[in-house]
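All figures in this text were calculated on a predicted structure; none of them were measured in a lab. Both counts, for ligands and for their atoms, begin at 1 and track the order of listing.
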Amino acid sequence: MTPREIEIAIIGGGPAGLSAGLYAARALRSTVLFEGGVLGGQIATTDAVENYPGFPDGINGLDLALAMQRQSERFGMETVYAAVTSLQRTEDGRFAVGTEGGGDFIARSVIYTAGAEYNKLGIPGERELTGKGVSYCATCDAAFFAGQEAVVVGGGDAAVEEALFTTRYASKVTLVHRRDELRAQKVLQARAFAEPKMAFAWNTVVDEIIGTEQVAAVTLRDVHTGETRRFDTNAAFIFIGQTPNSSLLAGFNVPLDAGGHAIVNAWMETPVPGLFIAGDVRSEAARQVVSSAGDGATAAIRADQYLTHLDG
Ligand code: NAP
């Protein structure tokens, strides 16, 4: 079948992609957004988004994503529910977008917003209790644990920063780290050590998260002695790194940081003309709904300018 020709292909239906779709469609560009999983990306599983401006009482993550989609579709964006399986540059400088079951497309420009996955511990209880005390975003969820106890897993910048954020609400935050030394920047470490609400479980890993309706406890294991103990807690925030969904960029000359996130400039531009990358898949992203939406808007504005420039 002949591929369908469009102006802007958006790969990924999280806040960055949905916002890019709004701006691209309002620029009257024929715009198709591809989503292979659940619309909304990481917010699809977030019960209450309380830090997206304009919703003083918070909003359910999926509801927010669906509202964003409705808004973008009102201006002409089309959603294709299919995973993009291939992305290639054509000889004439366009992009061939291949999907699984959604047809083939040729786009003049691509905004790549495929997001990132939080690394998981892969332990019993983690998946079952996600959204019920297990969280990968303390900035989003710490407020739900006011006056309660929380455990934070990890020893990098994210773990320490988010543990410190959690102390604003929780009565006590125990950082569980598999070594006896943090990886986080020294300035963050100093802040954490000085914070009276912080405690540290060194050389310790979490083997299980326990609870039915809500997290009730975790099982901690000393990596040296092998000894395990039950540790009561209301929340388990997990920050053991992220894996960006950057695999489709492999054939392009796009620089990646050490973690595999794409390095772009402030306009979300890559060295490949017409290819823009926005949201959590890019390096140095603030990883918030509002900043991802901003990224998407920036990318779409630039993509529109790029197409206008091409048309002379
Ligand atoms: P990260 O730096 O890769 O740290 C991940 C942490 O999780 C490490 O302490 C690691 O332990 C631990 N870990 C990994 N796998 C584990 C497992 N299976 N079980 C237990 N612990 C495990 O990841 P990140 O903190 O998300 O940061 C990612 C990048 O974003 C970094 O470049 C960071 O500098 C940047 N970032 C910057 C800021 C900031 O500048 N304010 C804030 C957030 C993130 P080990 O130490 O033993 O390896």
Do the side-chain N and O atoms of D104 and T99 include a donor-acceptor pair separated by under 3.5 angstrom? no
Quick test: of every protein heavy atom, which one is nearest to atom 10 (C) of ligand 1, and how far off is it to 0.1 Å? R178 NH2, 3.8 Å
Heavy atom of the protein closest to atom 48 (O) of ligand 1 (residue, atom name, distance): R183 NH2, 2.6 Å
Got the closest protein heavy atom to atom 26 (O) of ligand 1, with its distance? A158 CB, 3.4 Å
So, the side chain of T85 versus the backbone of G98: is there a donor-acceptor pair under 3.5 Å, distance only? yes
Checking contacts here: is it the side chain or the backbone of Q185 that comes within 4.0 Å of ligand 1, counting heavy atoms only? Could be both or neither. side chain
Among protein heavy atoms, which lies nearest atom 31 (C) of ligand 1, and at what distance? D157 OD2, 4.7 Å
Please confirm whether V205 comes under 4.0 Å of ligand 1, counting heavy atoms of the residue only. no
Ligand 1 to L121, heavy atom cutoff 4.0 Å, flagged ligand atoms 19 (N)
If the cut-off is 4.0 Å to any non-hydrogen atom of G241, which atoms of ligand 1 fall inside it? 5 (C), 23 (O), 26 (O)
Is G155 in polar range of ligand 1, meaning some N or O pair under 3.5 Å apart? yes
Ring center gap for Y169 and F144 short of 6.0 angstrom: no
Output yes when a side-chain donor or acceptor of S292 lies under 3.5 Å from a complementary backbone atom of G279, and no otherwise. no
Ligand-side contact atoms (ligand 1) for residue partner H177, heavy atom cut-off under 4.0 Å: 9 (O), 11 (O), 45 (P), 46 (O), 47 (O)
I'd like to know whether ligand 1 has E181 as a neighbour, heavy-atom separation below 4.0 Å. no
Looking only at heavy atoms, is any part of D257 under 4.0 Å from ligand 1, and if so is it the side chain, the backbone, or both, or is it neither? neither
Going by the order shown, which atoms of ligand 1 are within less than 4.0 Å of some heavy atom of F239? 6 (C), 7 (O)
Can you find a side-chain donor-acceptor pair between R108 and S30 that sits under 3.5 Å? no
Are side-chain N/O atoms of E73 and T79 paired as donor and acceptor at under 3.5 Å? yes
May I ask whether R179 places a heavy atom under 4.0 Å from ligand 1? yes
Worked check of side-chain contact (heavy atoms from CB on, under 4.5 Å) between T219 and V206: CA-CA 6 Å; T219 302; V206 179; 6.0 Å; no
When you look for heavy atoms under 4.0 Å from ligand 1, do you find them on the side chain of R287, its backbone, both, or neither? side chain
Residue R74 excluded, over 12 heavy atoms near CZ under 6.0 Å: no
Which residue supplies the protein heavy atom nearest to atom 22 (C) of ligand 1, what is that atom called, and how far is it? I240 CG2, 3.4 Å
Does any N or O atom in Q242 lie less than 3.5 angstrom from one in ligand 1, N or O only? no
How far is atom 42 (C) of ligand 1 from its nearest protein heavy atom, and which residue and atom name does that atom have? E161 OE1, 3.2 Å
Cation-pi geometry met for R26 and F75 (6.0 Å, 45°): yes
F34-F105 aromatic ring centre distance below 6.0 Å: yes
Distance from T174 atom OG1 to D232 atom CG, nearest 0.5 Å? 11.0 Å
Less than 4.0 Å between atom 33 (C) of ligand 1 and some protein heavy atom, yes or no? yes
Is R89 positioned over the aromatic face of F95, cation under 6.0 angstrom from the ring centre and no more than 45 degrees off axis? yes
